[in-house]
Amino acid sequence: MNKLRLGFFKYSCCMGCSYFFAYVHKHVPEVLASFDFVFIKLLSSKGTPEGPFDIALVEGAITEAWQVDELKMIREQSKKLFAIGSCAVIGGIPAIKATTPELDVEKRVYKNLSSIHSIKPHAVDAYVKVDGYIRGCPPAERDLYEALTSVLTGRKPDFPQYSICIECKLKGNICVLIADNMPCMGPVTNAGCGALCPSMNRACYSCFGPMKQANSPALAKKFKAMGISRDDIIRKFTEFGADTIEFRKAVEMVYED
Amino acid sequence: MTGERTFQKFKRLIPKKAFLLWLDSLRKDYKLIGPVKTGNHAVFKEVDSSEELFMEYGTTMLSPGKLFLYKPNEELFRFAMSGKITIDEIAPIAEKQIIIGVHPCDVNAILYLDRTFLGTFRDPHYEARRKNTLIISLNCTRVSENCFCSSVGAGPFLHAASGYDMLLTDFESEYLVEIKSRKAEELFGLEGRSAGRDEMRLKAEKEKSMKSKFKKAINVSGLDNIFAENMDHPIWQQTAEDKCLSCANCVMVCPTCFCYDLRDEMSMDLKTVTRYRCFDACQDIMFAEVHGGNFRQRRAARLRQFVTHKLDQTNQYGVFGTVGCGRCITWCPTGIDLTEITREIQKFKS
Amino acid sequence: MKIDINYIARVEGESSVKLEIEGGKLKELKLNIWEPPRFFEGFLVGRKFDEVPDIVARICGICPVSHMTTAIRAIENAFGLTPSPEVKRIRKILSLSQILSSHLAHLYVLALPDYFRLNSIVEMLPHFEKEIKRFLRLKEAANSITALFGGRALHPVSMVVGGFTKVPSKTDIEKAVKELESLHGDALETLKMVSELKYPALENHAEFVALKGEGEYAINEGAVSSTKGLNIKEHEYAFYFIEDEVPYSNAKRTIIKDRGSLMAGALSRINLGFDNLLPDAKKASEDIGFKGGSNPFLNNLAQAVEIVHALQECAILLRGLSLKDYFADFKVREGAGSALTEAPRGMLYHHYEMDRRGIITKANIVTPTAHNFLNLEESLKKLVTENIDKPEDELILTCEMLVRAYDPCFSCSVH
Amino acid sequence: MKNPLKPIKAIIKGIRPEAEGVKTYTLSTEFPFVAEPGQFNMIGYPGVGEAPISLSAIMQVGDSTLRDGSFKHTIKSVGRVTDFLKDFKKGDELFFRGPYGRGWPVKKAEKKDVLIVAGGVGLAPLRPVIQIVLNQRESFGDVSLIYGARNEKNMLFMNEFKIWEKDISLYITVDEVSDVSKSPHPPFTKGGQGGITKEWSGGINVGLVTDLLDRVKIQPERTIAFVCGPEIMMRFVCRGLIMHGMLQSSLYVSLERRMKCGIAQCGHCQHSGLFVCKDGPVFSYKEVRGLPDGAL
Ligand SMILES: Cc1cc2nc3c(=O)[nH]c(=O)nc-3n(C[C@H](O)[C@H](O)[C@H](O)COP(=O)(O)OP(=O)(O)OC[C@H]3O[C@@H](n4cnc5c(N)ncnc54)[C@H](O)[C@@H]3O)c2cc1C
Ligand code: SF4
Ligand code: SF4
Ligand code: SF4
């Protein structure tokens, strides 16, 4: 079989997805046998970002204008483009910046802003069509393999779209929201991590971002009833989901309240 | 379950200690599963000795039936993909097991699961485990906050004629042990005292006093066609938008919810595909999606499916889908309560 | 002649080196860290203390544990909370496991290919199967230690202000210890392999700075010490270290007040803490004739020695765990706190000011690569000057090798 | 004990492009495959999953349209499984299990007039009914087919219309007129009703299926109707037929729901307590009319 051409692109992020990808854990030989790493900066010098690519993986939020241009070029060059990791999928942590006046945020960091050219942080699909989302921070291992094998076999990838709660119950964890009164984001968060936080005795902080059509205002109401302050509720929905419609609904509701 | 010769359904009083010792003596042939205390909760799990059991538990989050008979996750087939594809059918593993302390609602829930998995098409995995499992039920001694089993005839004392092996009733220092299957009759060697009319009267009194303790109830006789006639009652939309998170906790903890998904997972070398089965939930937005539409796109429709499947839709199996364990109420993050929804609709009618 | 090294691969994050040679002399050299800023210090303001560890973890995908530990310790300092010895032990285990992962990745994947004139580990695979298998074994073990306590190897979830939300079972720890002990030979082989590489010669007169502990190889706490006699407490850091903006770079750079550039990282730690290494690591190091040095390329060697040490110390600490007192309650109060730890790439500083509800009012983070920035630039200048006659290709490669030897993390440095 | 979910291997004997995005696959397996009209198989491939697909031609008990025991599926590519199938070639392996479900009550229709109404891919599950009618023409009264598709590019089995019309009356309609020259089924000539005529005599109308109901002479008391298509179309057809005096109980519809198992376990296809896979997919209109979460 001809190897498929793979490109891995990093924008504004911690590069954890590349790092994670570089060790596709137990599958290094298989991945190398099936893919040509045409471009992946963390692993290889002398790569070319020009393509064409059979599969492009994009990590990081888009926070500078040149990234948009390059991203569009990559999209044109790629048969399949997957957003990998919460920054690329939902804007992730970098999107917190946009919850307050951005210039203030920038001024807190740099005295001289003349060489800083940041634009409002967004997920990758704000600019280009995305063929699939490998969610999570770090991304779910299973979803990464699903993306890779789907491209290899020419089928549509299948990613979970339900709540963390389902995974949590499948694991048999006693619910931390109900039993321990912890403000768990699991009910509105997309599955994929295997309900890691509740399994470690803590509330989910939604590092996988909102699930499709999450009813975040209803959860915000529940948090309020639990005695959680308005600001704390807003923070819950803006840690990873600041750039998502689903979580903005909760924030708006709390503001209007 | 299968054609059994008639056996003797005897009733005896056995000191609790002796009973538990007998249980331990079975451990060489059986896995012993029962309620165990963890923190403020009880969970059903395998124990090494009857001493770990916590028989006074109120209710567990997950039911024994959906942990040890119908498994949350089960590998069914493995496909070898190189060259001509071959299918390897995973043989049912059915270690012999005893589940002790199963409350009446959960026994009824198992009987409900039987209708799905031992119907026209029998699931070999479920069937094998069911055959190899001894179910020892325990009549309830405590009514938890959200229990309403007495309203739907599923508790607090068990009245099902068959489908389980033994029934215990707490008689302070003793158990009233009732033998309900041939398997149990053969295994049970303890003599104890034979229980007579007095004991049965005492049992009936206990049941009566238990029944008076329920805080939650539902009027099933008033249900009739009420759901079908009130499909668009505002309560659905209102509850769905205000409260329902579509998180599916209700479905996951429900001991009678049987829905599943079949999933394929391909190994990275593309040489093997594993097909497995795992619980699915009608609250998941993808659950009823087809090309060109989604039959339950609206959250209200999904919520209504759950509630009506439990309280209406009895045409399916001829019994209620709920056993009144109250789990979906307890573990719903926003406390959505199907008995309240029902009351609301009944109010509307009258 | 102008040389633009725009594509510095096999490092974490984005940077480029621009240099100009005129008349056989280096006229100008700039290290431009153009990694896009994400403004962590800006948007942390207004967030609550309990979110901080989870947020700052995302500064770096390679050393999240360091950022979390440092932030947690800074906040605990502000609250006046002293963690139990058990908490300290677990934190050190996590830090060591992350140092292991990071060093292994750096040595095998990022640095090694250069020494064989190859572009990537993918190209190495056919010739170095044994080495790569060894790498994967070690890496898997290191990751699984982090995951054992943290829930997952990257961005662990159990680390919170006050300690840990959950600890693993005795049996799982037992298994992990056995696994680590079985890998001692692999660690020694790694050191041997790294010691046989040919490093370019380069003198570096920087001040080597690292935390120094009493009788232990300092990772999460210690006095800030240097090869030029610095010896201060962690809360005094801000008086001695100055961070400044550079017009051509998104990363800031740090110097020691009135003294200039510094070097942090594995080589600094070895230079300052060699005597605190575990006997086996010390002996292995002495056997290859390495006790530290000033050539930045030796950072590779220092990392290999730390691998031997960290693997063993992890096992020792694991054995000593009681699995009790892994969380302490605390009172939120207004105040400021800072902390320093040794991240894989060197000294990491976090500083927070909070109001009475624990809302961050000011945040400052100085990463190892910011500490090394100026020194790296200076070393590059020296390297180019000393190798000015080399063919351009060779010169570029040597420069890249030097950048990689520092194991910089540009994502961290900008954050 | 054999697991009822275990797939059976089949070989693709032939593939015929049917319409835009629709192909008919002729499959055969080790044993002669027998089913009832209206039943379906779960068609799948390891790693991709399974999807319920009706049989569009079968060997039936007592009668054989396909004497060798092979069977056909006419599949439109719309999702994971169906998209994957579109690149298959003759000779490839594929998996199925079945047949499942309750099909069309063809026996009940004997000696009666039969009205078949189909929309889009909905003609596929009705094709076996047409086959029976053609094979045992004398057993039935008047038989009419009303068939509508978005445009003629989406129309199935056009090559067979000429044969069908010898025995049954055809009423064909499209929602819109599309570019004739790009049609997969030349030759078309311009003219005739709705601007198009074709090889068979009736012509293609432009409009909805329901518009054609008036054109068929329906004798309500001796007619049985089989309807398959999008649910909303079936709703209007059934209501229209009731207006023509037909009884709810002589109208039959075939429902589509998501299915994972096909054997009344996975729950996906539940429709107010009915399992569409087991109690259906063919229901009498009376059984499913007005149920929640449906369009009927
Ligand atoms: C009894 C019966 C008989 C049938 N007979 C036929 C027949 O003869 N011929 C025929 O062509 N069809 C038939 N169908 C319809 C067919 O079963 C469906 O089209 C089929 O299930 C599609 O399966 P799939 O895996 O290809 O699509 P799926 O991948 O399941 O997709 C179905 C729909 O859901 C959407 N979807 C799925 N997954 C996602 C996701 N992750 N995110 C967003 N959207 C998603 C898709 O876009 C698509 O619209 C029949 C159905 C039934 C119930
Ligand atoms: S439980 Fe929530 S925060 Fe924790 S790992 Fe999963 S998605 Fe992320
Ligand atoms: S548990 Fe409650 S909130 Fe969640 S889906 Fe069920 S009813 Fe809705
Ligand atoms: S349809 Fe919903 S309520 Fe009914 S069994 Fe399935 S998941 Fe449970």
Side-chain angles (χ1 to χ4, degrees), chain B residues 76-81 84-87 89-90 92 116-117 119-125 127-128 227-228 231-232 257-266 270 272-275 277 280 282 286-296 298 301 304-305 308-309 312-317 321, chain D residues 1-9 42 44-52 76-83 92-95 97 100 120-121 230-232 255-279 287 290-295:
Chain B
L76 299 180
F77 306 103
R78 218 168 295 144
F79 299 87
M81 302 297 288
K84 286 227 176 289
I85 301 173
T86 55
I87 315 177
E89 185 177 341
I90 312 290
T116 305
F117 295 108
T120 325
F121 292 94
R122 301 170 84 83
D123 180 71
H125 297 265
E127 183 164 18
F227 286 107
M231 255 161 52
D232 297 316
C257 271
F258 50 75
C259 291
Y260 64 71
D261 192 7
L262 290 173
R263 295 194 192 148
D264 283 9
E265 223 151 81
M266 189 176 259
L270 313 181
T272 31
V273 168
T274 314
R275 178 163 296 170
R277 164 170 68 199
D280 204 346
C282 56
M286 301 304 296
F287 190 83
E289 174 157 327
V290 297
H291 172 64
N294 185 335
F295 290 98
R296 288 189 277 273
R298 286 169 53 232
R304 187 179 58 200
Q305 164 62 15
T308 55
H309 193 208
D312 197 17
Q313 303 188 18
T314 43
N315 55 332
Q316 188 165 67
Y317 293 139
Chain D
M1 188 186 353
K2 194 171 135 334
N3 194 326
L5 295 170
K6 186 172 178 178
I8 304 162
K9 197 180 277 188
M42 294 299 292
Y45 197 78
V48 186
E50 297 178 306
K76 179 169 176 171
S77 80
V78 299
R80 218 165 118 81
V81 176
T82 49
D83 267 350
D92 283 348
E93 294 176 342
L94 121 87
F95 290 84
R97 49 192 178 81
Y100 296 131
V121 200
E231 207 151 309
I232 197 80
L255 299 191
E256 181 187 342
R257 287 293 180 278
R258 202 175 176 94
M259 289 174 193
K260 294 286 178 181
C261 69
I263 56 174
Q265 292 179 351
C266 82
H268 284 253
C269 71
Q270 285 178 92
H271 188 29
S272 293
L274 297 166
F275 287 102
V276 172
C277 64
K278 182 189 85 186
D279 304 322
E287 284 173 282
L291 292 183
D293 306 333

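- Using a 4.5 Å cut-off between heavy atoms, T120(B) touches chain D through its side chain atoms alone.
- Figure legend: R257(D) and F295(B) shown as a cation-pi pair, the cationic atom lying under 6.0 angstrom from the six-membered ring centre and within 45 degrees of its axis.
- Here the closest heavy-atom approach between residue H291(B) and residue E256(D) is recorded as N-OE2, 4.5 Å.
- Using a 4.5 Å cut-off between heavy atoms, T116(B) contacts chain D through both its backbone and its side chain.
- The shortest heavy-atom contact between F287(B) and C266(D) is CZ-O, 4.3 Å.
- For residues 259-278 of chain D, the pairs satisfying salt bridge (charged side-chain N to carboxylate O under 4.0 Å, His left out) are D261(B)-K260(D), with sequence neighbours left out.
- Judged by distance alone, with hydrogens and angles left aside, the side-chain atoms of E89(B) form a donor-acceptor pair with the main-chain N or O of N3(D) at under 3.5 Å.
- Only the side chain of Y317(B) comes within contact range of chain D, with heavy atoms under 4.5 Å apart.
- For Y45(D), the parts sitting under 4.5 Å from any heavy atom of chain B are the backbone and the side chain alike.
- The aromatic ring centroids of F95(D) and F77(B) lie 6.0 Å or more from each other.
- In this structure a side-chain-to-backbone donor-acceptor pair under 3.5 Å is missing from Q313(B) to Q270(D).
- To the nearest 0.5 Å, the span separating CE on M42(D) from CG on L262(B) amounts to 7.5 Å.
- From R122(B), atom CZ reaches atom NZ of K2(D) across 15.5 Å, with rounding to the nearest 0.5 Å.
- Contact annotation for E93(D): only side-chain heavy atoms (C-beta onward) come within less than 4.5 Å of a heavy atom of chain B.
- The shortest distance between side-chain heavy atoms of L5(D) and R275(B) does not fall below 4.5 Å.
- Looking at D264(B) and V48(D), their side chains never come closer than 4.5 Å, going by heavy atoms from C-beta outward.
- A tilted orientation is assigned to the rings of F275(D) and F258(B), their planes being inclined by 30° to 60°.
- Residues D293(D) and R304(B) are in side-chain contact: their nearest non-hydrogen atoms beyond the backbone lie under 4.5 Å apart.
- In plain terms, the two heavy atoms of G267(D) and C259(B) that are nearest each other are CA-SG, 3.5 Å.
- No donor-acceptor pair closer than 3.5 Å links the side chain of K9(D) to the backbone N or O of I87(B).
- For P7(D), the parts sitting under 4.5 Å from any heavy atom of chain B are the backbone and the side chain alike.
- In this structure, H268(D) contributes its side chain and Y260(B) its backbone to a donor-acceptor pair below 3.5 Å.
- If you take NE2 on H271(D) and CD on Q305(B), they are separated by 10.5 Å, rounding to the nearest 0.5 Å.
- When the candidates M81(B), R298(B), M231(B), E265(B) are compared by the number of heavy-atom contacts under 4.5 Å with chain D, M231(B) comes out ahead.
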